[in-house]
2 protein chains.
Amino acid sequence: MAPRKPPASSGSAGGARRMPPCTNNLTTALLMDTYQITMAYAYWKNGTHERPAAFDLLFRKNPFGGEFTVFAGLEECLRFVSNFGFTADDLAYLKTTNAARNMEPQFFQHLQDLDCGALRVYAQLEGSAVFPRVPLMRVEGPLMVVQLIETALLNLVNYASLVATNAARHRLVAGPDAVLLEFGLRRAQGPDGGVSASRYAYLGGFDATSNLEAGRQFGIPVRGTHAHSYVQAHVGMADITNRRLPYNPTSKTPGSDCADFVALVRESLELLNRETRDLLPEAQRWGVTNESELAAFTSYALAFPAGFLALVDTYDVLKSGVPNFLAVAVALRRCGYQALGVRLDSGDLSYLSLRARETMRAAATALGSARAGGFEDFGITASNDIHEEVLHSLKQHGHAITAFGIGTHLVTCLRQPALGCVYKLVEIDGTPRIKLSEDVEKVTIPGRKRAFRLYTKNGPAVVDVMLGEDEPPPEVGKRILCRHAFVASKRAYVQPARVEKLHHLVWDGAAGGVPAEVDVSLAAARERCGDSIRQMRSDHLRYSNPTPYKVSVSEQLFNFIHKLWLEEAPVGEIV
Amino acid sequence: MAPRKPPASSGSAGGARRMPPCTNNLTTALLMDTYQITMAYAYWKNGTHERPAAFDLLFRKNPFGGEFTVFAGLEECLRFVSNFGFTADDLAYLKTTNAARNMEPQFFQHLQDLDCGALRVYAQLEGSAVFPRVPLMRVEGPLMVVQLIETALLNLVNYASLVATNAARHRLVAGPDAVLLEFGLRRAQGPDGGVSASRYAYLGGFDATSNLEAGRQFGIPVRGTHAHSYVQAHVGMADITNRRLPYNPTSKTPGSDCADFVALVRESLELLNRETRDLLPEAQRWGVTNESELAAFTSYALAFPAGFLALVDTYDVLKSGVPNFLAVAVALRRCGYQALGVRLDSGDLSYLSLRARETMRAAATALGSARAGGFEDFGITASNDIHEEVLHSLKQHGHAITAFGIGTHLVTCLRQPALGCVYKLVEIDGTPRIKLSEDVEKVTIPGRKRAFRLYTKNGPAVVDVMLGEDEPPPEVGKRILCRHAFVASKRAYVQPARVEKLHHLVWDGAAGGVPAEVDVSLAAARERCGDSIRQMRSDHLRYSNPTPYKVSVSEQLFNFIHKLWLEEAPVGEIV
């Protein structure tokens, strides 16, 4: 493959800017379906390739049985648009394809000069709560270019929005205080499935990821401790080569270095066993803990005395893992360090976390605050096949978990692994076009539209409404009739206390690119996501049977749709 | 991000070679979970980082309710291993993470020099049918490096094998003659989800993809025609600017150019309508077809006279799309060209394809072979939400489809979007290690193992068997006792007529890389996939309730597993 183009210049006179190349090197101009090239050729051959066209990018159904979606992927789309263009290598490959066999050479010359300089893109802002049928983006420009970028835009929006929505749903169920960690890289659909999942899970409200590459690319906090293999890799204390632990130099209370941390751990384990015995129910007392596990925890603590978090389920959480963890925590404390907590990766997370907390509390009580201050605050991270429903069930049954590590279900969106965004022609050469279908849900809303979110006096959003480009926007305090696009009887007057414009010009090719005022940072999108969801009524966000949020059109647009529909639909004929 | 390392040198004295960089630029040394770095540090700090270790990469359950899996992703893993190493940029980022806060600077110096030169990787061959618990790969080498590459290998194998398996299952149901096209890019989980899906769908038996980038990267044939938007973008014949069509210069029968192809199409449509009327059942006769569709087909045929394939469901397949297609096909024929066929993208594919075929046959009959030779062979491509079950149902109910375009279900593996490959320590410092679990399926088979596939006289494979490294391999004609690894009563004597060694040395770091005899090409893997599946008994491949294929261990390995199990499992104590 040819080297990527150098990053585009990042500024212009008007403050509009072009963006750096896409995160993934596979996002080339050839990241398209073959039919985009064949259509482009047919338009070019017919001389209609520069006709002004407008396409809407939209979805028709919220994912995961929910009633909202989080829009994501816009920044990446703008990178794509900023850098779109065929390299010499792209064209050389194209010419070798079967599809290009009889194409005229001048066509490739035309492709060579193509870019998105004549495009305008309007979009909702990244991170916003969005709803079916209201376009996420509208792309305007010469027919050929607008058509050529279809698949890349769909690809970049579909999965991004799906993961962001999935993450936001997990956040809603887990509540604002739980720490949510994305752990999905190994099960993701490819390297960029993993990296994108980390990015958009963070956008949707996760706190951190295990994925270092995503951490680097997007500045997301990273988190991680150790695996079962670390425990398995130890056989016993003989595996520990250096037993010395310096006293914590940043500790407020003074102390001296520990010459034999292994002995201190053993001593602490015996002390704990003795002193917690009467405080614990019989079933939770322990006998001999697993030696290789104790060795692994000890060596890990020697490496990370200030960041000790132990995976406690390799052998037996309550009889081995938690006691071994506490023994190391006590020993660390005597050297001036505070352990962080434990991770559970199997079993009944509700039961185990509650019992683990009991054992931690018994230790705190037995040792007294002088020896065990902070022992009640240990983190308990859970990471076994967690998903939205598990979070919901844990909430109902009680648990003592402070952080959730979520992988497969989050990143592959196991409950629904694809969002069905589509890209539909709505206007050509100034003429609005409708796409009919026997399935009313698939009928497109013709023409270029403006969209607004209307809020009531009490705060929450009540309806999204689309109007024709030529209509005046809704006004605060002024009643507007909002109609269901297809069901004539569904309509309501709304007197908005606040009107939010949903579509913003995010790419203005002629002016140099992304307007200066458009903030496409991940941090902004993450904040917008939280804000946007908080402005929804809770019944739209509910886990079970949420209320559909209303999406409507103006009276004028309603009438226009139905006029066009009648004009286009063939009249049945009884022969 | 720093520039990638230059591609590794591709040869060595012994013929072993290093591979080019990974396909995706995100597949860096940092494509790992944070805990790999923290564990690496803890090993390094404890001085145990160079202990020889062996990890198995395996899965525990076949996907999609089936009884086989296709192994894929090996070539990409070898690219990763060939180029693994931390760049200065990687290390600079690592040092900024919270996890690295208290790490000693010498650790990063150690990381700086790390590569996979001390590793050996054994693997089954890419494209092979593989089964639960038999390692897909075994990675041997210094503990730290072997642990550091865990997540990347899992990531590169999991999705690849899932898609390849999915594709192979589609191929089994569709039969060897159907043309299978991968159309999933827009709904895939990110750009590389799309590109990887094309690659591994091809490996699993698909014929082509719509994805041009995948076509370029892997030499996969590409296919595509036009979208609904192409039809919508035309209003009527006035949209056609150049009506001239030169007579096909490669045609065997001579003829003259057509000055007004539009008129010829109109004339052909009238002719067809008149002459097929009595040959078609009343419900299939047509009146006035859609004009914008006819214009779109006409302009498309003018651009691709030798490659005309029309999407016929924008308005009405039988009353408009197929008649319009046939009219253009007749006109093309008069100019010496043969149309290719139609594509259906909605509705009842069984019914519509059968009726479309009837209409095509009626046209052929009415016009006679002189005017309509080849009209019975038009392709019918179907592409609406197709998956394995739809293919199965179409087969049962009858259809006239010759090619299937399959997207969302194939590329996102909607039925099961993740394969659960794991990476387990099986030996450290010469000591076999077992990982116990209350779930017997999760117990690992300890130590380094050799694996063989045994075939009966009649041909098909009957059992995969694992033996300890020190055991002699099974021999042809010699009875061997094959035991279920965990259920003592499940065992059988097998007298193999053929013995296939399953694990091959695919990376030998000390010898320079990938041994010369290892063929990692996509073409080889694709062929291997077909061969490997053909060698399975059909009941293992069956769509409904397939028979599980037997995976076993030798008597000696069985005894060893259970000895180790008893040694490691804590003995319960009644207090």
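Chain letters run A, B, ... following the sequence lines, proteins first and then strands; every chain starts at 1.
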Bottom line for A/E150: the part with an atom under 4.5 Å from chain B's heavy atoms is side chain
Under 4.5 Å to a heavy atom of chain B? For A/Y230 that would be both
The interface call for A/A188 against chain B, heavy-atom contacts under 4.5 Å, is both
Residues pairing under salt bridge (charged side-chain N to carboxylate O under 4.0 Å, His left out) where one sits in residues 30-48 of chain A, two or more places apart or in two chains, turn out to be A/D33-B/R186, A/K45-A/E104
Bottom line for A/L419: the part with an atom under 4.5 Å from chain B's heavy atoms is backbone
Heavy-atom nearest pair, A/A418 first then B/T408, reads CB-CG2, 3.4 Å
Residues A/T27 and B/P191: closest non-hydrogen pair is OG1-CG, 3.3 Å
The salt bridge (Lys or Arg N to Asp or Glu O under 4.0 Å) partners of A/D385 (sequence neighbours excluded) come to none
Set out, in order, the CA-CA distance, both residues' side-chain angles and the distance that settles side-chain contact (heavy atoms from CB on, under 4.5 Å) for B/T151 and A/E213, then state yes or no. CA-CA 12 Å; B/T151 301; A/E213 186 56 44; over 6 Å; no
Most contact-rich option vs chain B, by heavy-atom pairs under 4.5 angstrom, among A/V235, A/T225, A/T97, is A/T225
Applying a strict 4.5 Å limit to non-hydrogen atoms, the region of A/V195 in contact with chain B is side chain
* Under 3.5 Å donor-acceptor, B/N46 side chain and A/D239 backbone -> yes
CG of A/N25 to OG1 of B/T23, rounded to nearest 0.5 Å, is 8.5 Å
Look at atom CZ of A/R343 and say whether more than 12 heavy atoms of other residues, nucleotides or ligands are closer to it than 6.0 Å.
yes
TODO: Begin from the C-alpha positions of A/T444 and B/H228 and carry the test side-chain contact (heavy atoms from CB on, under 4.5 Å) through to its verdict.
DONE: CA-CA 12 Å; A/T444 57; B/H228 293 116; over 6 Å; no
Counting heavy-atom pairs under 4.5 Å with chain B, the top scorer among A/T431, A/L185, A/L162, A/T96 is A/L185
When the 4.5 angstrom heavy-atom criterion is applied to A/H234 and chain B, the contacting part is both
| field | Polar side-chain atom of B/N158 near backbone of A/Q189 as donor-acceptor pair, under 3.5 Å | value | no
